[in-house]
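For ligands, and for the atoms within them, numbers begin at 1 and follow the listed sequence. Everything numeric in this text was worked out from a predicted model, so none of it was measured.
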Amino acid sequence: MKKISILSQRNNYSIVISKNLFKKKSFFYPLIYTRNIVVITDTNIARLYLKKIKSFFLKLCFKYQHIILSSGEHKKSFNTVKKIISILLKHQCNRNTILIAIGGGVIGDLSGFVASIYQRGIPIIQIPTTLLSQVDSSIGGKTGINHLFGKNMIGSFYHPIAVGIDPTFLYTLPKKEIFSGLSEVIKYGITLNLKFFYWLEKNIKKIINLETKTLQNCIYKCCKLKSEIISKDIYDLKTRMILNFGHTYGHAIENFVGYGNWSHGQAISAGMMISIYLSKYFSNIDNFTIKRIQNILIKAKLPIHGPKNMSPEDYINLIKYDKKQNDIDSGFTEIIIRSIGKSTIKKNIETSFIRSAIQQCHIQN
Ligand SMILES: NC(=O)c1ccc[n+]([C@@H]2O[C@H](COP(=O)([O-])OP(=O)(O)OC[C@H]3O[C@@H](n4cnc5c(N)ncnc54)[C@H](O)[C@@H]3O)[C@@H](O)[C@H]2O)c1
């Protein structure tokens, strides 16, 4: 079992990484004792795990209920939020209730948002079950739902009271979701840590094959890197923005193709490549470095180009809604890399650079 502490202004809490979490009363008991719990999950998790999860919680908590949603990005909507809130109200859930989100980033983001607004905030425990959610979305308190104009346009910063990561959940995760999660894993190497990037180059196959020790190590390293960044900048005003590397274009791609048609990880992978071409204008990134990054993404079965029918203007129209773009008249704000493992925030980037980076990335198609 490994533990990482997160320091947030609202509360300090732990990320626990452990096999067989649902046999570990010591993790849950102090958190849920005498409380009513509501598990929020999706149909895939429910089919595979709910029986075990329910019988575990029934022995521990005061009152147990669950809400099962169909899976998919489209669930991150106001409609689902209203539906969940109505169920919570119907069951007279109050501030003695704890939500337990068990699922991927969709369940985590959505449940976190509900927890943040229901009766002005009730506690939530995140139990991520996809690689992406274990290394990224369950950590850091960003919650949200989508809007027609963009991804995660409605949301809050709301930290869980604990995060429990059980890597064995990944044994049932479809391979394409493992690849999707690898995109955020590789992002940590590219933006924050050259040593981790080297380690990934060596170990990517073992991670894809879910070799227990390597997988656990990978999850731990990612959580550690993310926790260090967010402890410095909880509200995403400075350093934390670096974690959005490639996301400006990735979110535009997700919106353009229709939510759920490209996985989040696929879109971020193609988005990172555009950011890398953009970085070339402002740093000494050479073609060898670009090739190296492309190679690791290809090994992880991730795309290195956006959709063929998406023009630079399509990107530019969509990225205006990106949350980093506070002063669009003075140019775009973007995360660029100086070299592998070193990144920075660059402001006032002219549209012509963005257009050219997208074109360069397309030319490689
Ligand atoms: N809050 C953040 O900081 C943050 C960061 C990155 C991404 N995100 C968000 O995360 C979302 C993507 O999350 P995701 O990639 O986890 O996708 P997801 O939640 O849609 O899950 C992918 C699929 O895997 C299934 N699944 C989940 N766990 C499983 C398991 N153990 N076994 C079998 N099937 C399983 C789900 O039912 C779903 O069909 C996006 O909405 C993205 O915006 C949020």
- [ ] From the options K176, H264, E177, K142, select the one whose nearest heavy atom is closest to atom 7 (C) of ligand 1.
- [x] H264
TODO: May I ask whether E184 has any heavy atom positioned less than 4.0 angstrom from an atom of ligand 1?
DONE: yes
- [ ] Starting from atom 12 (C) of ligand 1, locate the nearest protein heavy atom and write down its residue, its atom name and how far away it is, to 0.1 Å.
- [x] L132 CD2, 3.9 Å
Open item on the list: Suppose we measure from atom 31 (N) of ligand 1 to each protein heavy atom; which comes out shortest, and what is that distance?
Closed with: F169 O, 2.9 Å
Task: Structural part of T143 in contact with ligand 1, heavy atom criterion under 4.0 angstrom - done: neither
Open item on the list: Classify the ring geometry of Y13 against H159: parallel below 30°, tilted from 30° to 60°, perpendicular beyond 60°.
Closed with: tilted
Task: Heavy-atom closest pair, residues M241 and I345 - done: CB-CD1, 3.9 Å
- [ ] Go through the steps to decide whether L170 and I219 satisfy the test side-chain contact (heavy atoms from CB on, under 4.5 Å), and finish with yes or no.
- [x] CA-CA 11 Å; L170 304 185; I219 295 168; 4.2 Å; yes
Task: Protein contact of atom 9 (C) of ligand 1 - nearest heavy atom, named by residue and atom, plus distance - done: D109 OD2, 3.4 Å
Open item on the list: Quick check on side-chain contact (heavy atoms from CB on, under 4.5 Å): which of I37, N36, L58 does K63 satisfy it with?
Closed with: N36
Open item on the list: Counting non-hydrogen protein atoms only, what is the nearest one to atom 40 (C) of ligand 1? Give residue, atom name and distance.
Closed with: E73 OE1, 3.2 Å
- [ ] Using atom types as modelled and distance alone, determine if a side-chain donor or acceptor of Y188 lies under 3.5 Å from a backbone N or O of V135.
- [x] yes
Task: Identity and distance of the protein heavy atom lying nearest atom 25 (C) of ligand 1 - done: N44 ND2, 4.0 Å
- [ ] Enumerate the atoms of ligand 1 whose separation from the nearest heavy atom of P174 is less than 4.0 angstrom.
- [x] 33 (C), 34 (N)
- [ ] Check whether the side chains of S18 and K24 place a donor and an acceptor atom closer than 3.5 Å, and report yes or no.
- [x] yes
Open item on the list: Heavy-atom contact check, 4.0 Å cutoff: does K226 meet ligand 1?
Closed with: yes
Open item on the list: Could you check whether any side-chain heavy atom of H66 comes within less than 4.5 Å of a side-chain heavy atom of I102, counting everything from C-beta outward?
Closed with: no
TODO: Heavy-atom contacts with T172 under 4.0 Å: which atoms of ligand 1 show up? List them by number with element.
DONE: 30 (C), 31 (N), 32 (N), 33 (C)
Task: Proximity winner for atom 35 (C) of ligand 1, if only heavy atoms of T129, L173, N244 are counted - done: L173
TODO: Please work out which of the three classes, parallel, tilted or perpendicular, describes the rings of F196 and W199, given edges at 30° and 60°.
DONE: parallel
- [ ] Report the member of R240, R47, K151, K75 with the shortest heavy-atom distance to atom 43 (O) of ligand 1.
- [x] K151
Open item on the list: Surrounding NZ of K54 (heavy atoms of other residues, nucleotides or ligands, distance under 6.0 Å), is the total greater than 12?
Closed with: no
Open item on the list: Surrounding CG of N20 (heavy atoms of other residues, nucleotides or ligands, distance under 6.0 Å), is the total greater than 12?
Closed with: yes
TODO: Please verify whether a non-hydrogen atom of G108 lies at under 4.0 Å from ligand 1.
DONE: no
Task: Candidate with minimal heavy-atom separation from atom 37 (O) of ligand 1, of T168, D42, N146 - done: D42
Task: Taking atom 27 (C) of ligand 1 as the reference point, the nearest protein heavy atom with its distance - done: T130 CG2, 3.3 Å
TODO: Pick whichever of G103, G105, S137, S70 has a heavy atom sitting closest to atom 17 (O) of ligand 1.
DONE: G105
TODO: State, to 0.1 Å, how close T191 and K187 come at their nearest heavy-atom pair, and which atoms those are.
DONE: OG1-O, 2.7 Å
Open item on the list: Considering non-hydrogen atoms of the protein only, which is the closest contact for atom 18 (P) of ligand 1, and what is the distance?
Closed with: V106 CG2, 3.9 Å
- [ ] For ligand 1, indicate whether the residue I45 contacts it via side chain, backbone, both or neither (heavy-atom separation under 4.0 Å).
- [x] side chain
TODO: Measure up the F28 and F56 rings against each other and bin them: parallel (under 30°), tilted (30 to 60°), perpendicular (over 60°).
DONE: perpendicular
Task: For L48, atoms of ligand 1 separated by under 4.0 Å from a heavy atom - done: 32 (N), 33 (C)
Open item on the list: Once you restrict to heavy atoms under 4.0 Å, what part of S263 touches ligand 1? Side chain, backbone, both or neither.
Closed with: neither
TODO: May I ask you to identify the nearest protein heavy atom to atom 6 (C) of ligand 1, giving residue, atom name and distance to one decimal place in Å?
DONE: D136 OD2, 3.5 Å
- [ ] Side-chain contact test, heavy atoms from C-beta onward, threshold under 4.5 Å: evaluate it for R355 versus E350 and give yes or no.
- [x] no
